[in-house]
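Here's the structure, in structure tokens; my notes come after.
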Amino acid sequence: MALRVAVTGPTGEIGISTIEALEDNPDVEQIVGMARRPFDPEARGWTKTVYRQGDILDRDAVDGLVADVDVVVHLAFIIMGSREESARINLAGTRNVFEATVAAARPRRLVYTSSVAAYGYHADNPVPITEDVPTRGTPEHYYSEQKAACEEALAETTAGSSLEVYVLRPCIVAGPKAPALAEAMPWHQLPGVFRQLTRAVPLLKPPFPDPGTPLQLVHHDDVAAAIALASTTSTAAPGAYNIAGDGLLSMSDVGAALGARPIKVPHVAAVATSEVIARLPFVPSALEWLHAGRASTVMDTEKARTELGWRPKYTAEQTLQALASAVD
Ligand SMILES: NC(=O)c1ccc[n+]([C@@H]2O[C@H](COP(=O)([O-])OP(=O)(O)OC[C@H]3O[C@@H](n4cnc5c(N)ncnc54)[C@H](OP(=O)(O)O)[C@@H]3O)[C@@H](O)[C@H]2O)c1
């Protein structure tokens, strides 16, 4: 097929595995990776990839990136940041990528990684969530709100164009090359000596509340495999695909694996806390992530398996253990 593929955000938790999957794909001839900070493809053993410095907020840079490729994979995003800064980059930058790809003559396909967060954390979410459930987002959580807004912008921007648009909606991504979940735990900042001490004296482990909301996890290599499939498939139809590893975890599983002492708390307490936070006038953006625990967002991944031919290699449990071993 000899495809040329542009990737925004090639150095992120999903980006590095994505480049590796595209490098291994015989249908891909060349990859152009655009990020703000430099990286050396050769040092990573990448032979098909070239680095292009650029910011997705710079429309000229994005136009230059997409002009000469067949497929555009858009990953660049700010996940952990302030509501204002992330909105500036995620909404305006993502719109730039969508509009530039529609406007360019050569690209015929756009692959965008949305997220489970685009569905929002609603009590009336069906269990499990299929791709035809509307992406309503949760306004109180900046990331969820922005993911839903980006899907809306994507539909609006590409309506009436001939672009083949694939939207992947992964759950939380983890693994040795995606440590953000472990790094987000408050005790991760504590000195290593304290973490060693808690191994010897379990009662010293920091408490970790579990309101009973089930959790899905997916390995970064499995997300990358889905992105490579979406970039190259000649059989699966464009559209949205949920992406999650097999099996469900509890917050207790996650807390215990990452060095905490899980404590069960009533689900109503999590919902009440979330509602109180939603009413406060000035909430630090990091606290908004608490809304993610208030309702189930377990996704059905049957469509990715049957239509895209996606087969995750790692279960949620294996992904968690791989993460825990890497950050130990
Ligand atoms: N990680 C997860 O758990 C998860 C789950 C579901 C969906 N997703 C989605 O998957 C996508 C990729 O996530 P990730 O975890 O790989 O993110 P990440 O680790 O935070 O990496 C972000 C990447 O985007 C680049 N970037 C950020 N701002 C940019 C800008 N203004 N212009 C150009 N490049 C920029 C970064 O490089 P520079 O900083 O050098 O520019 C980096 O390469 C995102 O859309 C995210 O919402 C992630």
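FYI, side chains are in, hydrogens and waters are out, and symmetry mates aren't considered; it's all heavy atoms of this structure. Counting starts at 1 for both ligands and their atoms, following the listed order.
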(message) Need the ligand 1 atom indices (1-based, order shown) with element for anything under 4.0 Å from a heavy-atom of Thr11.
(response) 37 (O), 42 (C), 43 (O)
(message) Please check: side-chain N/O of Glu131 versus main-chain N/O of Asn242, any donor-acceptor pairing under 3.5 Å?
(response) yes
(message) With heavy-atom distances below 4.0 Å as the criterion, list the atoms of ligand 1 near Val173.
(response) 1 (N), 2 (C), 3 (O), 4 (C), 5 (C)
(request) Look at atom 40 (O) of ligand 1 and find which of Met80, Arg37, His74 reaches it with the closest heavy atom. (result) Arg37
(message) Using a strict threshold of under 4.0 Å (side-chain N to carboxylate O), is an ion pair present between Arg108 and Glu164?
(response) yes
(request) Determine, using heavy atoms of Thr8 and all atoms of ligand 1, whether some pair is separated by less than 4.0 Å. (result) no
(request) Please say whether Tyr112 places an N or O atom under 3.5 Å from an N or O atom belonging to ligand 1. (result) no
(message) Tell me whether Leu57 has any N or O atom under 3.5 angstrom from an N or O of ligand 1.
(response) no
(message) Which of the numbered atoms in ligand 1 are under 4.0 angstrom from any heavy atom belonging to Pro10?
(response) 43 (O)
(request) Of the side chain and backbone of Ala178, name the one, both, or neither that has a heavy atom under 4.0 Å from an atom of ligand 1. (result) neither
(request) Check Ala174 against ligand 1 and report side chain, backbone, both or neither, counting heavy atoms closer than 4.0 Å. (result) neither
(request) Under 4.0 Å, heavy atoms only, figure out whether ligand 1 is touched by the backbone of Asp55, its side chain, both or neither. (result) both
(message) Walk me through whether Asp124 and Arg136 qualify under salt bridge (Lys or Arg N to Asp or Glu O under 4.0 Å).
(response) CA-CA 12 Å; Asp124 61 351; Arg136 293 178 282 171; 2.9 Å; yes
(request) Answer yes when Glu20 and Lys177 have at least one side-chain N-carboxylate O distance shorter than 4.0 Å, and no when they do not. (result) yes
(message) Could you check whether Asp221 and Ser17, counting side-chain N and O atoms only, form a donor-acceptor pair closer than 3.5 Å?
(response) yes
(request) List every atom of ligand 1 that sits less than 4.0 Å from any heavy atom of Cys171, numbering the atoms from 1 in the order shown and giving each element. (result) 5 (C), 6 (C)
(request) Indicate whether the side chain of Ser114 and that of Glu151 have a donor and an acceptor atom separated by less than 3.5 Å. (result) yes
(message) Other residues, nucleotides and ligands only: do more than 12 of their heavy atoms fall within 6.0 Å of CD on Glu85?
(response) yes
(message) Can you confirm, on distance only, whether ligand 1 has an N/O atom lying under 3.5 Å from any N/O atom belonging to Ile79?
(response) no
(request) Give the numbers and elements of all ligand 1 atoms closer than 4.0 Å to a heavy atom of Gly54. (result) 32 (N), 33 (C)
(message) Looking only at side-chain N and O atoms, does Trp46 offer a donor or acceptor that is under 3.5 Å from a partner on Tyr51?
(response) no
(request) Using a strict cut-off of 4.0 Å, indicate which atoms of ligand 1 neighbour a heavy atom of Tyr143. (result) 7 (C), 8 (N), 9 (C), 46 (C), 47 (O), 48 (C)
(request) Give a yes/no on ligand 1: does His220 have at least one heavy atom closer than 4.0 angstrom to it? (result) no
(request) Using a strict 4.0 Å threshold on nitrogen-to-oxygen distance, state whether Arg59 and Asp63 make a salt bridge. (result) yes
(request) Classify the side-chain pair His74/Thr113 by whether it contains a donor and acceptor separated by less than 3.5 Å. (result) no
(message) Please classify the Ile89 to ligand 1 contact at 4.0 Å (heavy-atom distances, strictly less than): side chain, backbone, both or neither.
(response) side chain
(request) Decide, yes or no, whether a salt bridge links Asp70 with Arg109 under the criterion of side-chain N to carboxylate O below 4.0 Å. (result) no
(request) For the pair Arg83 and Glu140, evaluate salt bridge (Lys or Arg N to Asp or Glu O under 4.0 Å) and give the outcome as yes or no after the intermediate values. (result) CA-CA 10 Å; Arg83 176 175 267 274; Glu140 301 85 12; over 6 Å; no
(request) For Ala35, take its heavy atoms, then give the atoms of ligand 1 lying under 4.0 Å from any of them. (result) 34 (N), 37 (O), 40 (O), 41 (O)
(message) Suppose I only count heavy atoms of Ser115 and a 4.0 Å limit; which atoms of ligand 1 are within that range?
(response) 6 (C), 7 (C)
(request) Between Pro170, Gly15, Ala118, flag the one that comes closest to atom 6 (C) of ligand 1 by a heavy atom. (result) Pro170
